[in-house]
Amino acid sequence: MSNAFAPRSYEAFEDEFDLDGEFAPGAAGAREPLQFMAPAGASPQAAAMPQVTAMPQAAGMPASMPAPGYNPVGEMIAGAQTALAPSSMQTAPVHTAASLGAPMGAEVSVPRIAIHVFAERQDTLAAAERAGQDRRLSRATTQIRVGGVPAAVEAYHHEPTPPLIIVECLTDPHSLLAQVDALAEVCDAGTKVVVIGASNDIILFRELMRRGVSEYLVAPIQPLQLIAAIGGLFADPAMPFVGRSIAFVGARGGAGSSSVAHNTAYAMSERIGANTVIVDYDLPFGTAGLDFNQDPLNGVADALGQPDRLDATLLDRMMVRCTDKLSLFAAPATLDVDWDISPDAFEEVTSRIRSTAPFVVLDLPHLWSGWMRKTLIAADEVVVVATPDLASLRNAKNMMDLIRAGRPNDAPPRLVLNQMGMPGRPEIPAKDFGAALGVHPSLIIPFDAKLFGAAANNGQMIIDAGAKSKAADAFQTLAQIVSRRELPAVAGPKGKASAKTPSESKSLFGKLFKKR
């Protein structure tokens with residue numbers, strides 16, 4: 001099959017950095033190297049900027065041939081924990097312009113494409129299988145095969161190539177380049193190729209980029225590393241900002257999940273100073289409007305009814321602004337309509353709302369359906385709110401087991417124990433509760449019926465109704481945990497600086513100035 005890939009320009013390369021002769025395969029000298037499809041949005045200047053440091057070579061080895069089995073970066077990545085948060089993804093030691101265009105702090109978004117993986121190592125097969133089960137690749141279809149580049153060449157003699165091919169080749173650089181040329185002969189135009197190799201060498205990397213390879217990773221690889229590489233290839237710089245979604249769900253009815261979600265979001269906006277949006281998905285019984293003393297508009301209902309028409313202007317009209325940094329998507333809280341909405345509508349509305357603020361707090365109802373499952377698995381952070389009783393323990397365990405199975409590469413959901421210390425009620429100790437679930441409670445909120453009742457009836461948040469209470473401190477702590485941000489140095493109910501700084505209170509000169 002002829003290769004119709006467009007050649008890439010490399011004016012940014014200087015003559016002294018051109019390919020050494022010893023790296024070129026024997027047949028490559030008679031023709032120009034075949035080209036894969038250049039990554040979209042990658043400029044020739046950016047493609048000529050590999051971010052890599054040459055690995056030290058063993059004694060007696062030529063500079064172009066790394067010592068067999070010596071890969072410090074790969075060994076460090078292989079030994080890292082796999083249950084990492086999305087914002088702390090590790091990248092490969094070598095990057096292309098496509099991967100450089102996607103910051104690791106952003107959420108990876110992969111379109112509905114087919115991905116074929118041809119691996120040689122067992123750990124690569126396991127990493128690819130684990131990555132294919134990740135929520136970030138839920139829209140993509142992944143096929144994993146054994147055999148490396150030769151198996152890919154044989155397969156694509158008889159079938160069309162998918163948008164993305166990931167091949168592993170652990171041979172020497174000469175054979176690797178020859179196999180890449182053979183693969184280019186059978187690939188269709190527009191195919192992106194990721195190569196997994198054993199040599200962390202800058203000259204090999206540059207020659208692979210000359211041939212149009214989209215990304216080069218050094219084995220062994222981790223699932224998050226592979227997910228980040230795939231997401232970087234399809235990252236669109238023109239796409240709007242994507243905020244972090246935090247889902248709050250109650251282990252049983254009456255656990256106080258909505259109250260915890262609203263107070264945590266309020267603490268994130270008022271104490272940490274981050275723009276936050278609350279989305280109340282409890283359409284018939286939502287309490288977000290009552291808790292913030294706002295008229296419950298049909299914001300969420302209208303958005304779910306027309307998810308394809310949502311844009312920045314329409315979203316702004318549907319939201320209710322509670323404070324300068326906190327907006328609310330209130331539920332209609334009416335029983336006049338039978339809410340029968342598809343899971344895709346919830347997914348689309350959530351993705352659109354995430355483009356409006358750095359943090360989106362999802363207040364989920366206590367029910368179970370297809371859209372609830374998808375929303376919990378797709379959220380960046382999940383907080384399960386439970387009370388210290390047997391029913392909450394059973395339901396929380398079922399939820400966490402399901403979420404863990406659907407998010408194998410993410411940290412487990414966070415557990416918040418609410419209404420602890422209720423007088424006269426037998427309770428499961430927090431230590432035993434967490435041990436049964438396999439997680440430590442991230443927060444324990446004491447029972448305070450008077451404070452919470454007064455705040456709910458007056459449409460206030462706990463931080464305003466009882467700023468010095470233990471519950472207010474608990475919500476500020478939880479806001480820091482889920483947002484991964486610290487409280488600013490200047491603290492106070494209205495963000496005003498203290499009348500005296502620590503240095504003034506302890507300094508003799510400060511006391512003298514105070515007397516004046």
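Atoms considered below: every heavy atom in the structure, side chains included; atoms not considered: hydrogens, waters and symmetry mates. Positions are given from 1, in the same order as the sequence printed here.
Side-chain contact between Trp371 and Ile341: absent, with no pair of heavy atoms (C-beta onward) separated by less than 4.5 Å. Between Pro412 and Met400, the closest side-chain pair of non-hydrogen atoms is not below 4.5 Å.
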Exercise. Is there a side-chain hydrogen bond (donor to acceptor under 3.5 Å, both in side chains) between Thr350 and Tyr281 once you walk through the steps?
Worked result: CA-CA 10 Å; Thr350 302; Tyr281 273 147; 2.7 Å; yes
For this session: Would you please test Glu270 and Thr323 for side-chain hydrogen bond (donor to acceptor under 3.5 Å, both in side chains) and show each step?
Result: CA-CA 8 Å; Glu270 296 302 304; Thr323 65; 3.0 Å; yes
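Sorted by first and then second residue, the pairs that involve residues 422-436 and meet side-chain hydrogen bond (donor to acceptor under 3.5 Å, both in side chains), not counting sequence neighbours, are Arg425-Glu427.
By the 4.0 Å N-to-carboxylate-O rule, Asp344 lies close enough to Lys374 to be salt-bridged with it. Using a 4.0 Å cut-off between charged nitrogen and carboxylate oxygen, Asp134 and Arg130 do not count as a salt-bridge pair. Salt bridge annotation for Arg136-Asp410: present, with a cationic side-chain nitrogen under 4.0 angstrom from a carboxylate oxygen. Remark: Arg407 does not engage Asp380 in a salt bridge, criterion side-chain N to carboxylate O under 4.0 Å.
The closest side-chain donor-acceptor pair between Ser392 and Asp389 falls under 3.5 angstrom. Using modelled atom types and a 3.5 Å distance limit, the side chains of Asn418 and Thr387 yield no donor-acceptor pair. Checked by atom type, the side-chain pair Glu347/Thr375 shows no donor-acceptor distance below 3.5 Å.
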